[in-house]
Each structure stands twice: as structure tokens, then as C-alpha cells.
Amino acid sequence: MELKGKNVFITGSTRGIGAAIAMAFAKSGANIVLNGRKEIPIEKIEEIKAQGAKCIGISGDISDYEKAGLMIEEAEKQLGAINILINNAGITNDKLIMRMSPEDFKTCLDINLIGTFNMTQHVLKKMMKKREGAIINLSSVSGLIGNVGQANYAASKAGVVGFTKSVAREAAARGVTCNAIAPGFIATDMTEVLSDKVKEQVVKQIPLQRFGKVEDIANAVIFLAKNPYITGQVINVDGGLVMHG
Ligand SMILES: NC(=O)c1ccc[n+]([C@@H]2O[C@H](COP(=O)([O-])OP(=O)(O)OC[C@H]3O[C@@H](n4cnc5c(N)ncnc54)[C@H](OP(=O)(O)O)[C@@H]3O)[C@@H](O)[C@H]2O)c1
């Protein structure tokens, strides 16, 4: 898809990977909706606008179905129909399974998986009617191979993979693509909480021997958004951490 002038809604784009994705789309001439639960800082909107793109901020929790619908409605009112949705917002809430409360498990699923469903459902009908659209979901290598302390997170991200492939099959005949990116360890607030010892151990397992940069993920997202003949795929952007046979 040609990105210039297209409207892109990126959930969880006030910092980290989402902010880098927003900047990459803005540099490609697309209009941007920034989102997060907290109020969107005006400086973030100005940074995007400086690229020559239109940019609006719409704050709200994607795990709330009604709110998700209202956010899409507001974006459409201000910019027009959403052409590309990036389901990026996500949280971790790591605990060993024996210490994980039902609430710890549910919160992760509610945001990472149910939130992805909520936002997708509110844009998909219009995309299918227009016979054009792209949805890109952020999964994780944890969802592919599991991770100690992340039963909730890994379950949510594995769910995102199944969701992505199902939406891809349902929407393909109407020209809408749906893909996922599975990042490995990327330097953001989410991984900043890991101790230096854990970070060292992680780097030893990564063939490319470093944490990824947010731009590494943004580049892969742009690649998928531009290509109308890739759908139902999960692309690992992880320095070689997970290699499929
Ligand atoms: N960093 C990594 O190593 C890594 C690896 C694999 C996968 N991922 C995935 O990549 C995505 C981005 O990760 P990141 O590291 O950039 O995270 P981050 O730095 O923690 O940023 C998360 C963003 O999501 C927003 N957010 C969180 N919950 C939300 C909700 N319920 N509704 C709306 N916005 C919400 C946050 O804003 P507020 O705080 O204002 O809500 C923030 O803008 C996530 O899905 C994550 O699981 C990351």
C-alpha cells in the first residue's frame, strides 16, 4: 500500500516501539493517531507534525470495548477512515505461575489480546468495505517459545498469533491484510526493568549479540504495511533468537 496520505492508528504510541512506528509512518507521509492510556503529551504530537504529517492524540484504554469504538469514531471524525491499524499497546506483569493471581493473568490478557480484538473489530468492517487495509499486531517471541515468569504474557501473545492468522483468512478476499511481528528483546521501558544480570544472560542467547532497537521493529512494520501480498505471517525481529526449522 502506498503510505502517503493514509491514516494510521497506532495503539500505545506515546513511547517505546509504538512511538518509533508512529515516526516511521510520519516520515513516509502518513497521518498519525497517537494513543496511550495517559494524556498524549503535546510535544509528542508536535514531533510527528514536524515531519509534515497530520497528527492527533486520542487517549484511552484499548481493553475497554466501548472506549475502543469511541476512539476509532473520534479518529475517523478528525482524519477520515483508518487505513492501517497497528495493535502495539501491551503490558508485562511477570510472576512465576505459582505466585500469579487470577487478576495478574487476566489483566495481561485483557490488554494484550482482548484489546487487539477490540480495536480490530472497530476498524475491520470499513476496511473490508473499501477493499483495502492493513492490520499489524505486536506479538512476542515469548508467545512462540514461552518464557519463565511470563505465562500470562506468553499466553496473550500466542493468542495474538492465532488471532492474526484467523483475521488474515477472513479478510483476505476483501483485500485486507493482517500480520504480526514477534520482537525479541528490544530496548524500551518494558525491558529496562530487567536486572543487568538478566540482560547479560539474554544477550548471550541472541546470535546478533545485542538488544534490538525500536527502529528495527518500525522498519519491519513499514515493510508489511507496504506489501499487499503478505498476509497471515508472523515475522520475528529478534536478532536470531528464535529460528524456525
Ligand atoms: N520491548 C520489548 O522487548 C518487546 C518484546 C516483545 C514484544 N513487545 C511488544 O511490543 C509492544 C510495545 O512494547 P514497548 O516495549 O514499546 O512497551 P512500553 O515502552 O511499555 O510502551 C507501552 C505503550 O502502550 C501503552 N499502553 C499500555 N497499556 C495500554 C492500554 N491498555 N491502552 C492503551 N495504551 C496502552 C503505554 O501508554 P500508557 O502507559 O499511557 O498506557 C505505552 O504508550 C507491546 O505489545 C509489547 O508486548 C515488546
Side-chain angles (χ1 to χ4, degrees), residues 9-24 32-41 44-45 48 57-72 74-75 85-94 106-120 122 135-147 149-150 152-161 163-164 180-194 198-199 202-203 205-206 210-218 220-221 234-239 241-242:
F9 196 122
I10 304 133
T11 68
S13 42
T14 50
R15 57 175 191 269
I17 292 171
I21 294 170
M23 183 53 80
I32 307 297
V33 185
L34 292 179
N35 160 262
R37 284 166 299 187
K38 298 185 207 90
E39 202 180 325
I40 316 300
K44 296 277 171 196
I45 295 176
I48 297 288
I58 300 182
S59 57
D61 188 338
I62 58 160
S63 67
D64 178 336
Y65 183 78
E66 302 293 328
K67 183 72 192 169
L70 290 173
M71 290 196 291
I72 294 296
E74 182 57 32
L85 170 68
I86 313 298
N87 283 310
N88 166 79
I91 60 152
T92 48
N93 187 4
D94 297 359
K106 190 173 175 303
T107 309
C108 218
L109 269 285
D110 278 349
I111 295 178
N112 298 358
L113 182 57
I114 309 286
T116 297
F117 162 77
N118 291 344
M119 296 301 288
T120 301
H122 287 298
I135 298 170
I136 298 163
N137 302 321
L138 271 289
S139 178
S140 164
V141 292
S142 292
L144 306 178
I145 60 169
N147 197 15
Q150 291 199 317
N152 52 357
Y153 182 75
S156 72
K157 294 300 187 177
V160 166
V161 170
F163 178 78
T164 299
I181 306 260
F185 289 83
I186 310 299
T188 69
D189 291 354
M190 190 177 269
T191 48
E192 192 47 42
V193 294
L194 301 173
V198 170
K199 282 184 192 162
V202 165
V203 167
Q205 293 168 40
I206 301 173
R210 64 168 174 88
F211 271 46
K213 293 187 260 184
V214 289
E215 291 79 13
D216 297 326
I217 307 299
V221 170
V234 182
I235 298 189
N236 295 4
V237 184
D238 62 359
L241 185 60
V242 176

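Note: hydrogens, waters and symmetry copies are ignored here, and every other heavy atom, side chains too, is used. Read the numbers this way: they start at 1 and go in the same order the structure lists the ligands and their atoms.
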From CA spacing to verdict: side-chain contact (heavy atoms from CB on, under 4.5 Å), T92, N112: CA-CA 9 Å; T92 48; N112 298 358; over 6 Å; no

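N88 places a side-chain N or O within donor-acceptor distance of the main-chain N or O of G12, the cut-off being under 3.5 Å. The closest donor-acceptor contact from the side chain of T191 to the backbone of I186 lies under 3.5 Å.
Of the inter-residue distances, the one linking I91 atom CD1 with R37 atom CZ reads 6.5 Å to the nearest 0.5 angstrom. To the nearest 0.5 Å, atom CG of residue L34 and atom NZ of residue K44 are 9.0 Å apart. The CG atom of N147 sits 7.5 Å away from atom CG of D94, with the distance rounded to the nearest 0.5 Å. Atom OG of S140 sits about 12.0 Å away from atom CD1 of I181, to the nearest 0.5 Å. For the atom pair I58 CD1 and T11 OG1, the distance stands at 12.5 Å (nearest 0.5 Å). In this structure, CZ on F9 lies 4.5 Å from CD1 on I72, to the nearest 0.5 angstrom.
Using cut-offs of 30° and 60° on the angle between ring planes, the pair H122 and Y65 is tilted.
Ranking protein heavy atoms by distance to atom 18 (P) of ligand 1, first place goes to R15 NE, 3.9 Å. In terms of protein heavy-atom proximity, atom 47 (O) of ligand 1 is nearest to Y153 OH, 2.6 Å. Among all non-hydrogen protein atoms, the one lying nearest atom 14 (P) of ligand 1 is T188 OG1, 3.7 Å. In terms of protein heavy-atom proximity, atom 39 (O) of ligand 1 is closest to K38 NZ, 3.0 Å. For atom 29 (C) of ligand 1, the closest heavy atom belonging to the protein is R37 NE, 3.4 Å. In terms of protein heavy-atom proximity, atom 3 (O) of ligand 1 is closest to I186 N, 2.8 Å. Among protein heavy atoms, the minimum distance from atom 31 (N) of ligand 1 is reached at D61 OD1, 2.8 Å. Taking atom 5 (C) of ligand 1 as the reference point, the nearest protein heavy-atom neighbour is G184 O, 2.9 Å.
Within ligand 1, counting atoms from 1 as listed, the ones closer than 4.0 Å to a heavy atom of I111 are 28 (N), 31 (N). Of all atoms in ligand 1, numbered sequentially from 1 with element shown, those under 4.0 Å from a heavy atom of S139 are 7 (C).
Within the 4.0 Å heavy-atom cutoff, N35 counts among the residues contacting ligand 1. Between A182 and ligand 1 there is no heavy-atom distance shorter than 4.0 Å.
Distances from atom 11 (C) of ligand 1 to the heavy atoms of I17, I10, N88, N87 put N88 nearest. With atom 33 (C) of ligand 1 as the reference point, the heavy atom nearest to it among A19, G12, G60 is part of G60. For atom 22 (C) of ligand 1, the nearest non-hydrogen atom from the set G90, G16, S63 belongs to G90.
When T164, N118, T116, T120 are each tested for a side chain to side chain donor-acceptor pair (under 3.5 Å) with N87, only one passes: T120.
The N/O atoms of S140, backbone and side chain alike, include none that comes under 3.5 Å of an N/O atom in ligand 1. At least one N or O atom of T14, backbone or side chain, sits closer than 3.5 Å to an N or O atom of ligand 1. At a 3.5 angstrom cut-off on N or O pairs, I62 counts as close to ligand 1. Considering backbone and side-chain N/O atoms, F185 never comes within less than 3.5 Å of an N/O atom of ligand 1.
The two residues A218 and A20 come nearest to each other via the heavy atoms CB-O, 3.7 Å.
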